[in-house]
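Chain letters run A, B, ... following the sequence lines, proteins first and then strands; every chain starts at 1.
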Amino acid sequence: MSALLEVKNLCVNAEDKQILNGLSLSINPGEIHVIVGPNGAGKSTLSNVICGDPRYQVTSGSITFKGEDLLKQNVDERARNGIFLSFQSPVEIPGISMSTLMKYALNSHRKAKGLPELDAVSFSKLIRECAKKFEITNEMLKRPVNVGFSGGEKKRLESFQMAVLEPSFCILDEMDSGMDVDAVKIAANGVNLMRSPERSFLIISHNNDFLYEQIKPDVVHVLVSGNIVETSDASLLIDIKNNGFSRFLNKGMN
Amino acid sequence: MIELVEKQSSIKLLEGEQRIIVENSLAKSTSVEVMPNSSLVHYRLNKGNDNKLSVKVHENASYKLITLQIGNGTLDIDVSLEGAKAYCQSDIAYALNKEDKMTIVSNFVHNANETTSNQLIKGVASGNSYATFEGKILIPYDKKKVEGNQQHRALLLSKSATVKAVPALEIYADDVKCSHGSAIGNLNQEQIYYLQTRGISKEEAYKILTSAFLREVTDGIDAEDLRTSFEKEIAECLLLNV
Amino acid sequence: MDKEDNKNAFAAVSDEPYKYGFVTDIESDVAPKGLNEDVIRFISKKKEEPEWLLDLRLKAYRKWIQMEEPTWAMVKYPKIDYQDIYYYAAPKLKKGPNSLDEVDPELLKTYDKLGVPIQERAALAGVAVDAVFDSVSVATTFREKLAKQGIIFCSISEAIKNYPDLVKENLGIVVPYTDNYFACLNTAVFSDGTFVYIPKGVKCPMELSTYFRINAQKSGQFERTLIIADDNAYVSYLEGCTAPQRDENQLHAAIVEIIVHDNAEVKYSTVQNWFPGDKEGKGGIYNFVTKRGLCKGYKSKLSWTQVETGSAVTWKYPSCVLKGDESVGEFYSVAITNNYQQADTGTKMIHLGKNTRSTIVSKGISAGKSQNTYRGLVKMAPNAENARNFSQCDSLLIGDKCGAHTLPVMVDSNPTACVEHEATTSKISDEQLFYCRQRGLSAEEAVSLIVNGFCKDVMQKLPMEFAIEATRLVAVTLEGSVG
């Protein structure tokens, strides 16, 4: 089976500082990967680079998505190709409701697939079905994007968007940082509801073991100093829970 | 250590120097230069005089000004942020009464990237007085990562007092975050009522809340004696019992 | 790569061609070029005006030649040669069309192109239209329907003939000719405009609207509008204008006067897309307008709502004088400048009466090499007991070659009155752009969406028909079509 996402020897700079040092990673369809590591290791950088955040410069290496050179595509092209980022702190956009944003986003996706725009009735139906899955009320959909919502509600809204746009690859950035147990449960629920053999997940995490009771990841990577120093199955998480990151810290230095 | 400075027309810090100075007797015109990596905390009292203050803040330097303007007179403040990461915090409290006419004009120019300025101006006008506050923030072309904020709040205590506010933003660059706000009016009636329900007379409530209003500025003074003397000047001017 | 895309999205703001650029070739009946007492007499005679009006025009002209053109606004433009303008141009028509059939078919075609609903379909939409073309009113629709309720909706020229007392009593009350340089010029040479009178207790059943264009070369347009809402009356008035592409600048110095009596309400909405000048800043209309309303009575209410996207230079301050106790003034505005446009606009709220209220919401968007200035005045007079004002002025900068300036003035002389003003200036945040693009929107779509959100508070205040045109206009001014 060919990989959905293939990262090879990726080196990435931000503001002239090197953050990723020849990172390689391979994710197959249907897999759930988790990346853990100490702060400043480069975890968020990886997720942002895959999405095409212009603040980061790729100095060498490659990223292939669905067999295509991802680095040749801009942010929205990658999004329309099936990449979705669930933000750690989703930004507010005053004056634009969530429904309006979804209408434009969905129609952009559909246009790229050669499909006509969704008519108002079908769109409402779709939105309501997806909203129901994540306990999003009509009132929440009418409010300006991310304005006045709690952390947990924002995460639910990100998951709701995932359901509407049906991406093939979902990156969940720091999905458990600064969140209470209930909020983590909601985020995990998002993953479980969206799991499928055609969809892969990359979860950037702070190693919250409550999270892993909810989601059973297939692969776990440890990221230290801009490189993946160990890859294994979910049992690696137990190791880190018991022993911390110390045995990996030296491995990070090349 | 607060240094007392009198009628100085020029104050210049050495690189890396940190000073706290208080001026209660002012020259007609004072220029201040805060050299790179230094920091100056500047307290001033201007009572009934015309006065001009020009400040240059250089790279990575910080300038904090707390000034009290009482009665008649004008105050002209020019601040230019000349080097990256220069920072300025300017707090002005003003009080006037009887037939006083006061004009405060401030001009803040961000001549370098990554500079920040914050201004808080709070004033109280009573009697037949007329106060004018004109505060401009100018951000020239091609500046990046600049932040400029200005808040002006004024209280009118009598039927024949007037406050005129002219805040201005002149912005020629886009990588900026600027804001200004100005509110002129009266004390919060709910607060007055609250004090009355605690047995305090209306007149007394006005005095308490008025002094509290200006204390947002004077509380920033890190020296108790100086703070108290500023509060005293305000109380005298506005006829609040000390 | 995306930094480039974002830059290009911003660059695309000026790529949409002005879609209303075309010219109608109709014989114009023009006055000799230039301005002097003879031209004024010519205009007055052509319009068959009464003596008192000619007197007023001459008085204004004599005052005007002594005045100096003001220079305090933050706009720069080449000196206007006032002698190089035609002050009167009317298409040759048979004397007064009684129905649409009698209107020159070429003109009707012009209005078709512009989308002016002058035909029967306008009846279904419930919009009455007074179409002004080159200084003379061409057709007024639905006059009979409105007349049944006593509503007068006609051209100023007709009102002067048919309702001389009403006009004489009210013209120049709110904006006297001495008010400012351009108001003085307008009073001397005003061509035509709209007159509206809503009688006591009548709520005008349909939105009133006027479309007008400047056509003939170098014909300045000096419209004069007078709207009177008597006690307990209501009217919503829409003003929208377009203009053809030209190389020489064209001056537009209009006056709008509104008088609102006890318990009456007037809503005045404008969607303005005058030709803004081409990409190099050539051509374009100078829009110097004096708009003012007097809230004369108890609980009088006046709302100004505007979306300004055109003109090379815009200089206007729709204002309210809140004289009556408990009167209310509102100003909602979106002003967009692009390429080399310059705007110095805002409002004045003068609180004279007790318990008066005013609200100002101004959204400015600067792009290209333009300069966009908000200038406002809120004044609380000594007798304005308990008056309240709230202003919110936000500016959005698109690109780093434009400027956004906020210059409010607040004067409070009453201790029970409150003035509150907040302003912010920033650019579209990179985070917002990235978020929208990560959801699949292109950079241009993202900018358009965010800008629409920025203007939401103002757009909501527009009457439905205008809200749709206005949203389209914002998109057209800033980028390609929205997805």
Side-chain angles (χ1 to χ4, degrees), chain B residues 113 123-189 206 210, chain C residues 6-7 10 74 364-367 369-430:
Chain B
N113 297 339
V124 179
S126 192
N128 282 331
S129 61
Y130 197 111
T132 304
F133 167 68
E134 290 178 30
K136 187 199 281 200
I137 298 178
L138 169 61
I139 305 190
Y141 172 67
D142 227 15
K143 296 293 163 278
K144 307 225 179 300
K145 301 211 177 353
V146 170
E147 239 186 88
N149 298 300
Q150 181 200 90
Q151 286 295 327
H152 169 247
R153 301 269 177 276
L155 282 185
L156 290 169
L157 288 189
S158 75
K159 276 195 162 277
S160 31
T162 298
V163 171
K164 176 175 173 182
V166 189
L169 291 173
E170 215 180 299
I171 297 172
Y172 299 94
D174 71 333
D175 194 355
V176 309
K177 280 198 193 116
C178 286
S179 70
H180 71 206
S182 186
I184 309 171
N186 49 11
L187 287 165
N188 185 325
Q189 299 302 310
Y206 263 91
T210 303
Chain C
N6 287 351
K7 259 207 320 218
F10 295 153
M74 283 184 78
I365 302 164
S366 318
K369 298 196 168 89
S370 65
Q371 298 297 323
N372 201 333
T373 302
Y374 166 83
R375 194 182 298 265
L377 169 65
V378 175
K379 193 169 156 121
M380 299 295 187
N383 285 332
E385 290 292 310
N386 245 335
R388 293 262 174 294
N389 159 268
F390 178 72
S391 310
Q392 179 75 43
C393 302
D394 297 319
S395 299
L396 201 58
L397 290 151
I398 300 186
D400 63 354
K401 308 239 179 321
C402 46
H405 318 293
T406 312
L407 311 172
V409 176
M410 286 143 277
V411 184
D412 192 346
S413 303
N414 184 303
T416 62
C418 277
V419 187
E420 265 184 68
H421 167 94
E422 295 288 333
T424 65
T425 304
S426 66
K427 61 175 184 161
I428 296 181
S429 79
D430 289 330

Practice problem: Against chain C, work out which of B:Gly185, B:Ala165, B:Ala183 has the most heavy-atom pairs shorter than 4.5 Å and name it. | Solution: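 With the most close heavy-atom pairs to chain C, the winner is B:Ala165.
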Self-check item: Heavy-atom pair count under 4.5 Å with chain C, highest-scoring of B:Ala168, B:Ala125, B:Cys178
Solution: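 The residue among B:Ala168, B:Ala125, B:Cys178 with the greatest pair count is B:Cys178.
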Quiz item: Judged by atom type as modelled, is there a donor-acceptor pair below 3.5 Å linking the side chain of C:His405 to the main-chain atoms of B:Ile171?
Solution: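 Judged by distance alone, yes, a pair lies under 3.5 Å.
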Exercise. Specify the closest pair of heavy atoms between C:Pro408 and B:Pro167, including all atoms of both residues, with the distance to one decimal.
Key: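 Minimum heavy-atom separation between C:Pro408 and B:Pro167: CD-O, 2.8 Å.
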Go through [options] and name the one with the most non-hydrogen pairs under 4.5 angstrom from chain B.
options: C:Leu396, C:Thr424, C:Val378; result: C:Thr424
options: C:Asp412, C:Leu397, C:Leu377; result: C:Asp412
options: C:Val411, C:Thr406, C:Asn414, C:Asn389; result: C:Thr406

Residue [X] versus chain B: region with a heavy atom under 4.5 Å:
X: C:Gln392; value: neither
X: C:Lys401; value: both
X: C:Ala423; value: both

Would you mind checking which part of [X] comes under 4.5 Å of any heavy atom in chain C, side chain (CB onward), backbone (N, CA, C, O), both or neither?
X: B:Lys143; value: neither
X: B:Ala161; value: backbone
X: B:Gln151; value: side chain
X: B:Tyr130; value: side chain
X: B:Ser158; value: backbone
X: B:Tyr141; value: side chain

Would you say [X] and [Y] make side-chain contact, with heavy atoms under 4.5 Å?
X: C:Pro382; Y: B:Ser160; result: no
X: B:Asn186; Y: C:Cys418; result: yes
X: C:Lys427; Y: B:Asp175; result: yes
X: B:Ile184; Y: C:Met380; result: no
X: B:Val166; Y: C:Leu407; result: no

Quiz item: For C:Pro415, which of B:Leu187, B:Leu156, B:Thr162 qualifies under side-chain contact (heavy atoms from CB on, under 4.5 Å)?
Solution: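 Exactly one option meets the side-chain contact (heavy atoms from CB on, under 4.5 Å) with C:Pro415, and it is B:Leu156.
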Exercise. Verify whether the ring centers belonging to C:His421 and B:His180 lie closer than 6.0 Å.
Key: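 So the answer is yes for these two rings.
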Self-check item: Distance (rounded to the nearest 0.5 Å) between C:Cys402 SG and B:Asp174 CG
Solution: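 Rounded to the nearest 0.5 Å, the SG-CG separation comes to 7.0 Å.
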Exercise. Walk me through it: do C:Thr373 and B:Glu170 pass the test side-chain contact (heavy atoms from CB on, under 4.5 Å)?
Key: CA-CA 9 Å; C:Thr373 302; B:Glu170 215 180 299; over 6 Å; no
Practice problem: Decide side-chain contact (heavy atoms from CB on, under 4.5 Å) for B:His152 and C:Met410; before the verdict, give the C-alpha distance in whole Å, the side-chain angles of both, and the deciding distance to 0.1 Å. | Solution: CA-CA 11 Å; B:His152 169 247; C:Met410 286 143 277; over 6 Å; no
Practice problem: Answer yes or no: is there an ion pair linking C:Glu420 with B:Arg153, defined by an N-O contact shorter than 4.0 Å? | Solution: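 A salt bridge is absent here (no side-chain N lies under 4.0 Å from a carboxylate O).
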